There are 2 protein chains.
Amino acid sequence: MSNNQFKKGELYSFITGKASTAIGRRLQKNFKQDNIEITIEQWSVLYHLWKEDGMSQQELCDATFRDKPSITRLVDNLERIKLVKRNASKEDRRKNLIVLTTEGKELEEKCMQVANNTLNEALHGVTNGQIEIAKEVLQMVYDNLK
Amino acid sequence: MSNNQFKKGELYSFITGKASTAIGRRLQKNFKQDNIEITIEQWSVLYHLWKEDGMSQQELCDATFRDKPSITRLVDNLERIKLVKRNASKEDRRKNLIVLTTEGKELEEKCMQVANNTLNEALHGVTNGQIEIAKEVLQMVYDNLK
DNA sequence: GACATATAGTTGTTTATGCAACTAAACAAA
DNA sequence: TTTGTTTAGTTGCATAAACAACTATATGTC
């Protein structure tokens with residue numbers, strides 16, 4: 001089995017995902033440097049709305065790998081800072097459709113630029129081939145635990 | 001540059017580290033199933049104390065990639081549930097040496113077994129070669145952002 | 001139509017994070 | 001020994017996560 005592939009220390013850092021933690025922190029810092037006043041969690045919601053405006057909260061749960069209370073509160077905060085609005089669905093009155101405000105839409109370009117730059121910083125010196133394999137492994141891990 | 005290596009969707013999941021999130025959640029769930037009543041954050045502190053008992057809080061910060069307030073509170077909670085104790089250092093009165101209680105020591109075997117099993121679940125079907133490359137990439141990302 | 005069940009979202013509680021401001025001890029230089 | 005700087009740790013505050021319990025609407029079945 002794959003039991004002996006990892007020494008303890010390596011196991012730990014694989015589990016805790018120090019690399020993704022580091023990317024998240026750097027992205028947050030880069031947002032701040034560009035005077036973008038949102039958290040990376042808020043960004044992860046906006047990111048999906050930029051691709052498809054008017055998603056329901058449940059759809060945002062699935063897209064962001066977060067549970068319903070998390071999305072409720074992220075949307076609360078995004079609404080408070082006026083980047084999104086909750087619109088009650090006319091087809092299904094249980095649903096809220098989350099739509100970007102003008103201000104929310106305007107943030108896309110700036111944010112995506114910062115995100116792309118951050119990823120380039122993070123991947124400096126890593127080859128395309130290595131990235132492909134890393135992505136495959138992370139996807140397999142995710143699928144194994146789904 | 002490495003700007004075109006990622007399509008948007010891939011970029012997102014690389015940044016947010018959904019694989020490591022999934023591992024963390026599964027580990028937490030597996031702890032609970034085995035009636036181990038600790039959080040994965042608490043586990044990450046204990047993990048280092050099991051390797052080297054009596055570390056200072058600052059050393060735990062470095063080892064776990066957490067800041068000082070986080071460690072202060074994790075140690076608070078671990079102390080409250082009686083798994084560790086703060087011992088004032090005699091050489092340097094600013095320092096607390098964090099030592100495992102008997103109960104804290106006894107938890108090691110059970111926890112590490114669960115952690116190993118979780119990792120094996122996560123890596124099912126992933127080859128050693130792929131894992132090596134994934135580890136290299138994650139390490140490079142971490143070093144790039146350090 | 002009435003009742004059971006599933007789905008969408010909210011609220012409460014505990015734990016954790018990130019940042020800034022703070023205290024106290026150690027160290028260094030004059 | 002006084003003064004300034006660095007290091008170790010704590011506290012306050014805002015944001016977020018995980019889980020359980022809850023409300024309200026929709027749907028399926030008899």
Side-chain angles (χ1 to χ4, degrees), chain A residues 16-18 20-33 37-46 54-81 83-84 86-98, chain B residues 16-18 20-33 37-46 54-81 83-84 86-98:
Chain A
T16 53
K18 68 177 183 180
S20 67
T21 304
I23 294 185
R25 282 183 197 160
R26 178 61 59 94
L27 181 58
Q28 182 76 75
K29 193 180 138 196
N30 288 350
F31 277 155
K32 200 161 192 179
Q33 238 162 35
E37 294 294 333
I38 59 172
T39 65
I40 48 169
E41 292 83 4
Q42 291 169 357
W43 170 77
S44 80
V45 170
L46 292 173
M55 294 173 83
S56 72
Q57 292 187 201
Q58 184 57 53
E59 287 167 337
L60 286 171
C61 291
D62 299 336
T64 61
F65 317 111
R66 289 182 163 81
D67 69 358
K68 290 194 286 184
S70 294
I71 290 297
T72 293
R73 278 141 183 164
L74 281 173
V75 171
D76 285 349
N77 284 336
L78 284 169
E79 216 172 14
R80 195 168 41 70
I81 59 177
L83 296 180
V84 307
R86 279 177 167 95
N87 281 354
S89 164
K90 282 165 189 168
E91 289 83 46
D92 186 337
R93 285 190 305 165
R94 291 171 305 181
K95 286 189 185 175
N96 294 328
L97 305 182
I98 312 303
Chain B
T16 55
K18 67 177 184 181
S20 67
T21 304
I23 294 184
R25 284 185 196 158
R26 178 62 58 94
L27 182 59
Q28 182 75 75
K29 193 180 138 194
N30 289 350
F31 277 155
K32 199 161 194 179
Q33 238 162 36
E37 296 293 333
I38 59 171
T39 66
I40 47 168
E41 291 84 4
Q42 292 169 357
W43 170 78
S44 79
V45 171
L46 292 173
M55 293 173 82
S56 72
Q57 294 188 200
Q58 184 57 53
E59 286 167 337
L60 285 171
C61 291
D62 298 336
T64 61
F65 317 111
R66 289 183 163 80
D67 67 359
K68 290 193 286 184
S70 293
I71 291 298
T72 292
R73 278 140 183 164
L74 282 173
V75 171
D76 285 347
N77 286 336
L78 285 168
E79 216 171 14
R80 195 168 40 71
I81 59 178
L83 296 181
V84 307
R86 279 177 168 93
N87 281 355
S89 165
K90 282 166 189 166
E91 288 83 46
D92 185 337
R93 286 190 304 165
R94 292 171 304 179
K95 286 190 187 176
N96 293 330
L97 305 182
I98 313 303

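Values in this document were obtained by computation on a predicted structure and should not be read as measured data. Just the heavy atoms: all of them, side chains too, but no hydrogens, waters or symmetry mates, feed the values below. Every chain is numbered from 1, with letters handed out A, B, ... down the list of sequences.
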To the nearest Å, how far apart are [X] [atom1] and [N] [atom2]?
| X | N | atom1 | atom2 | answer |
| --- | --- | --- | --- | --- |
| B/L97 | D/dA8 | CG | C1' | 11 Å |
| A/I98 | C/dA8 | CD1 | C1' | 11 Å |
| B/D92 | C/dA25 | CG | P | 11 Å |
| A/F31 | D/dT15 | CZ | P | 17 Å |
| B/E37 | D/dA18 | CD | P | 17 Å |
| B/I23 | D/dA17 | CD1 | P | 19 Å |
| B/N96 | D/dT7 | CG | P | 18 Å |
| A/L78 | D/dT15 | CG | P | 11 Å |

Please tell me which of the listed nucleotides, C/dA8, C/dT10, C/dA25, lies nearest to the side chain of A/T72?
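Closest of the options to the side chain of A/T72: C/dT10.
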Any chance you could list the contact pattern along nucleotides 12-18 of chain C? Use B for base contacts, S for sugar-phosphate-only contacts and - for none, protein heavy atoms under 4.0 Å, 5' to 3'.
BB-SSSB
Quick one, [X] and [Y] - any side-chain contact, counting heavy atoms below 4.5 Å?
| X | Y | answer |
| --- | --- | --- |
| B/N77 | B/R80 | yes |
| B/K29 | B/R25 | no |
| B/T21 | A/F65 | no |

Check: A/Q28 side chain, A/I38 main-chain N or O, donor-acceptor pair, under 3.5 Å:
yes
Crowding at NZ, A/K95 (>12 non-hydrogen neighbours, <6.0 Å)
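Open: at most 12 neighbouring heavy atoms sit under 6.0 Å from NZ of A/K95.
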Heavy-atom nearest nucleotide on DNA chain C for B/K90 versus A/K29: which residue maps closer to 5'?
A/K29
With A/Q57, which of A/R86, A/R66, A/K68 fulfils side chain to side chain donor-acceptor pair (under 3.5 Å)?
A/R86
Note: for A/R94 and B/K95 on DNA chain D, the residue whose nearest nucleotide lies more 5' is B/K95
If the cut-off is 4.0 Å, is B/R93 near the phosphate of C/dA26, judged by side-chain N/O to OP1 or OP2?
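Checking C/dA26 against B/R93, a side-chain N or O does come within under 4.0 Å of OP1 or OP2.
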Touch check for B/D76, heavy atoms < 4.0 angstrom, all strands: base, sugar-phosphate only, or nothing?
nothing
Sorted by chain and number, sequence neighbours left out, side chain to side chain donor-acceptor pair (under 3.5 Å) with A/S70 holds for A/D67
